[in-house]
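The structure under discussion appears below in the form of structure tokens.
Lettering follows sequence order; numbering is per chain, from 1. Just so you know, these numbers use all the heavy atoms, side chains as well, and skip hydrogens, waters and symmetry mates. Note that the structure is a prediction, hence the values are computed from the model and not measured.
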Amino acid sequence: MTTPTPASPANKLGFTKQDYVGSKSTLCAGCGHDAITAQIINAAFESNIEGYRVAKFSGIGCSSKTPAYFINQGWGFNSVHGRMPSMATGASLANRQLINIGVSGDGDSMSIGTGQFVHAVRRNVAMIYIIEDNGVYGLTKGQFSATADKGSSLKSGAVNELPPIDPCTLAIELGCGFVARCFSGNPKQLGAILKAAFAYQGTVVLDIISPCVTFNNHDASTRSYKHVKDHDFPLHDLGFIQYSEVEDVDIAAGETELVTFPDGSKVAIKAIHEDYDPKDRFGAMKAIHESMEKGEFLTGLLYINPTQPPLPDLLNLVDEPLASLDETLLKPSPAVLDDIMKALM
Amino acid sequence: MTASPAAPSPTQGAKTRINDFSIQVATVNGSGSQTANTVLLRAIFQMGVFVSGKNLFPSNIAGLPTWFTIRASAKGYVARKASNEMLILMNPETAKDDIAKADVGALVIYDEPLQLDKLRSDLSCIPVPFQKLVTASCPEPKLHKLVKNMIYVGVASRVLGVDMAEVKKAIAKQLKGKDKAIELNQNAAMAGYDWAMENLPDQDQVRVVRDNKTQGLIIVDGNEACALGALFAGCTVVGWYPITPASTLVETFIEYAQEYRIDPKTGKSTVAIVQMEDELASAGVVLAAGWAGARSMTSTSGPGVSLMSEFIGLGYYVEAPGVFYNVARTGPSTGLPTRTQQSDIELCAKCSHGDTQHINLYPGNMEECFQFSYDAFDLAERFQTPIFVVTDLDLGMQNWSSKPFDYPTKPYDRGKVLNQQQLAEAQDWGRYKDVDGDGIPYRSLPGTPGGKGAYFTRGSGHNAYAQYSEKPEDYLAVVDRLKRKYETAKTYVPKPLFRNLGSDKGLLAFGSSNPAAIEAQDILAEAGLKTDYLRLRALPFTAEVDAFVQEKQVVYLVEQNRDGQMANLFRETYPEFATKFKSVLHYDGHAIDAKCIVDQITAFEQK
Ligand SMILES: Cc1ncc(C[n+]2csc(CCOP(=O)(O)OP(=O)(O)O)c2C)c(N)n1
Ligand code: SF4
Ligand SMILES: [Mg+2]
């Protein structure tokens, strides 16, 4: 922990925002991924996250480099391309008290890593799964990824003829209980969703549209800052109230809907556009598909079901981390070996 | 054959093979023959006779031919034997072929309508009216197929002189808890026995005579022995994907874990076992769990290791522990996935891209499957690296007699892990600093409170403080230290075992080749060719291996693959002695036998 300067306010744990930063980013200036990093730092600070409990996982890509740029007090693992979800799965089982943040790219998760994405979601691994979605492979210099929109073109002029894979509808289909789409250029919405994500117990899938200024920000791109800004349809104003604050916050009745998490935290949802109910799975699928047909990005909390048991509960694991269980608990007695040997005689 | 009214008295002639023979049973996969064969094997075992069983089965659930061989050996030889003294031919599809290959003089039990006696006159044929016996002994037609096999157990028991009380006991053990099935099968075996008593004379070619060689021994397969080793080693996270012949390792582990890994206070589980979507994901789970401080493992076979290899290379460079079982089989995809080989030796020694060298353990019997599994978790944490335990289908899925396993009293070695207080006290800690000069750095575990010890894990591009670096000197420091670490491992891995007859000719084998190598060594010695035998048990090669290679004029290196993969590792490690290594190979998918070793070494010697 660095010494707080008088000017920087501390959170409930006594940490300043500076305590949640990481090393300096080496991404291109203006890259959407950096804006997401800034919001993760902010949300972790405001959510009073204990840095030492944070485990950060990523695959390979510009996006996957970013875990080095936030929460230095946590442990990080930059793994191999497309395989971040299995890493988060293993570590989250070894120590169920970790707060797991996985950062991936659209190539990392929707091309090479689709299988691991699908199965981690299906298992409800306790993690915030962030896809920093720019429609291209940034790190390998701008090839199309599987989220590139049909008809969108590369700087070179090459046109994508294939339909995109949408991480959000895919996640809802797989039973994910917390699915949101955000835009790196809308920090307020992203911040609220990240804070809610920290309070959630299972897999959170966040598809964050994050323009690549170097390879996919030209006029013919559907992931440029300008295009996304023009086609961003925020569904609602979101507020997040941590469990420890629930008592103190006065929530206006009527237009605001509250979703309560098992720990008592609440998400306050105030619809902007239409009567969107994020608890309605089929309604969510329909609305997303309709907006995609129109070439719009529906952003906000797309689907929420706060009560799904995460993987350690499904496996009926002991409460303490498996990693710290003692030999006396783990090693069966000589009498047990004796019984087993007798049964084999 | 004429009827023999007398009770079976062990008739023995001068040439009678007492407790020294092989039986081959040919059946159809999925017909329940596995139970019958295990019962016969167990009954002989309970007679105090040393036995081993080998199931040669197809990659198929039901309908294809399968063979099971049971070898009894008074001398304790347990390798597959090239010749069989008794055949039990239950599969009409293969019967003609089987009988054509039969060794002269063999006893052949078969289904009467097959009329195999017409095909050869140099065998002792025993036609059995199975259909008649089945109908008489079992009222339910739908069970006929299953009990038919138990009838040959009864017939064979009478022919060999196996006590029916032992057969009944073996059936009860095999079908434990299923009372109706026990009764049905015991009746069927008895029907076969009674028929044989009435209709067959005593024979004196092969006999089972009560002995005391198996007193206190167990029968177990290597996958179960490994599973038990992992259980006692305190494995807490398993990520796996089914593949023959590795699946039963985890499946057996699951059974034991359900009984012995429940926290008595809460009723909750102390191990997480997840069947992953593939082997890539299994490897990710294992390494991340190891990184986070759990004792983790997976069990797979060659194709799975190929898929895991990117992760295993990462594990080597980031220095994350994990135990990887490779229960090897014959080659890729379809083909011979249910046959045995030692053909992933080089794959596991160097698995992955970039410069990689892995610690490999080669258990050679059931006790070692258990003990090396226990040790593998210590080694993984001590050396912070993926450890391979390399067995194969022969060790993993066949029945072996073994001494009961000794309780592993050695406390777990959790390696160089700094806790909160040690991190607070540490001066200038760096995740990859070689403080002790043994190449092994100190690590911290995610979730350690106190604000110290957090680090960022990434592939090869890091310095001693786990910071990103592309500097040549930093990279060299990483790879050269990893090599030092591998050197250190030489004093930790199991040393080789010797069986020396006093010779400057070396015999070297490992893993499942061990029983055949021992037997071959004896046969060769009887024929006047003495050898000193070294059984290799691990990579890296230890000082004892260095000395052996230096001393011997020639080293006959036995292994079950085409390319002499272990010999390649030896030639690479000892280039100055490269010409000493003569490969003795067996790679047709069947388990190795002593004869093929004897023949090849004899041929080398005659050159
Ligand atoms: C096995 C493997 N194949 C290919 C690569 C090369 N590679 C590195 S990053 C990348 C694409 C990353 O795209 P994305 O996940 O969208 O991340 P971005 O850079 O766009 O943030 C590829 C193909 C690799 N590192 N590993
Ligand atoms: S190439 Fe694109 S994705 Fe990568 S850092 Fe630059 S702007 Fe970001
Ligand atoms: Mg991308």
| field | side chain to side chain contact (heavy atoms under 4.5 Å, CB included) between B:F311 and A:S86, intermediate numbers included | value | CA-CA 11 Å; B:F311 252 138; A:S86 63; 3.7 Å; yes
| said: Please determine whether side-chain hydrogen bond (donor to acceptor under 3.5 Å, both in side chains) holds for the pair B:T448 and A:W75, giving the CA-CA distance in whole Å, both sets of side-chain angles, and the decisive distance to 0.1 Å. | reply: CA-CA 10 Å; B:T448 308; A:W75 276 252; 5.9 Å; no
| field | Pair A:Q116-B:L280, side chain to side chain contact (heavy atoms under 4.5 Å, CB included): steps then yes or no | value | CA-CA 9 Å; A:Q116 295 215 343; B:L280 290 85; 4.2 Å; yes
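Not one N or O on the side chain of B:S269 forms a donor-acceptor pair closer than 3.5 Å with the backbone of A:L317. Listed for the A:K331 side chain is a donor-acceptor partner under 3.5 Å among the backbone atoms of B:P408. Without hydrogens or angle criteria, B:R261 side chain to A:L330 main chain gives a donor-acceptor distance under 3.5 Å.
Chosen from B:A233, B:A466, B:P404, B:P449, the residue pairing most often with chain A at heavy-atom distances under 4.5 Å is B:P449. Ranked by heavy-atom pairs shorter than 4.5 Å toward chain B, the options A:V336, A:L98, A:N72, A:T89 are led by A:V336. Ranked by non-hydrogen atom pairs under 4.5 Å with chain A, the options B:A294, B:G284, B:A454 are led by B:A454. Interface remark: of the candidates A:A323, A:S79, A:S58, A:G115, A:A323 forms the most heavy-atom pairs closer than 4.5 Å to chain B. Put simply, of B:Y256, B:W291, B:Y455, B:Y260, the one with the most heavy-atom pairs under 4.5 Å next to chain A is B:W291. The residue among B:T266, B:T214, B:I219 with the most heavy atom pairs within less than 4.5 Å of chain A is B:I219. Your options are B:K173, B:K268, B:R458, and the one with the most heavy-atom pairs under 4.5 Å with chain A is B:K268. The most heavy-atom pairs under 4.5 Å with chain A, out of B:G459, B:S296, B:G239, B:S444, come from B:S444. Per-residue heavy-atom pair counts under 4.5 Å with chain B were compared for A:G51, A:P85, A:P67, A:A55, and the maximum is reached by A:P67. Counting heavy-atom pairs under 4.5 Å between each of A:D319, A:V118, A:N78 and chain B puts A:N78 at the top.
In this structure, the side chains of A:R123 and B:M276 come closer than 4.5 Å at one or more pairs of heavy atoms. The shortest side-chain heavy-atom distance between B:P264 and A:L329 falls under the 4.5 Å cut-off. Taking the side chain as every heavy atom from C-beta outward, A:F77 and B:V318 approach each other to under 4.5 Å. B:K265 places none of its side-chain heavy atoms less than 4.5 Å from the side chain of A:V318. A:P332 places a side-chain heavy atom less than 4.5 Å from the side chain of B:L231.
Interatomic distance, B:Q215 CD to A:M345 CE, rounded to the nearest 0.5 Å: 9.0 Å. Taking CD1 of A:I71 as the reference point, atom CZ of B:F456 lies at 12.0 Å (rounded to 0.5 Å). B:F370 contributes atom CZ, which lies 8.0 Å from atom CD1 of A:I340 (distance to the nearest 0.5 angstrom). Between the CE atom in A:M87 and the OG1 atom in B:T457 there is a gap of 9.0 Å [rounded to 0.5 Å]. Distance check, rounded to the nearest 0.5 Å: OG of B:S401 to CG of A:L344 gives 12.0 Å.
Neither the backbone nor the side chain of B:I262 has a heavy atom closer than 4.5 Å to any heavy atom of chain A. Contacts between B:V271 and chain A at a heavy-atom distance below 4.5 Å involve the backbone alone (N, CA, C, O). With a 4.5 angstrom heavy-atom cutoff, A:D338 does not touch chain B via any of its atoms. Of the two parts of A:L337, the backbone and the side chain both hold a non-hydrogen atom closer than 4.5 Å to a non-hydrogen atom of chain B. Using a 4.5 Å cut-off between heavy atoms, A:R122 makes no contact with chain B at all. Neither the backbone nor the side chain of A:P321 comes within less than 4.5 Å of any heavy atom in chain B. For a residue to count as touching a neighbouring chain, one of its non-hydrogen atoms must lie under 4.5 Å from one of that chain's; by this rule B:E224 touches chain A with the side chain only. Only the backbone of A:S333 comes within contact range of chain B, judged by heavy atoms closer than 4.5 Å. Looking at B:Y317, neither its backbone nor its side chain comes within 4.5 Å of chain A, counting heavy atoms on both sides.
For the residue pair B:R414 and A:L325, the shortest heavy atom distance occurs at NH1-O, 4.0 Å. Residues A:H81 and B:E310 share a closest heavy-atom pair of N-OE2, 4.4 Å.
The number of heavy-atom neighbours closer than 6.0 Å to CD of A:E50, taken from other residues, nucleotides and ligands shown, is above 12. Counting heavy-atom neighbours within 6.0 Å of B:K403 NZ, excluding the residue itself, gives a total of 12 or less.
Salt-bridge formation is not detected for the pair A:E327/B:R295: no Lys NZ or Arg NE/NH1/NH2 atom is positioned less than 4.0 Å from an Asp or Glu carboxylate oxygen.
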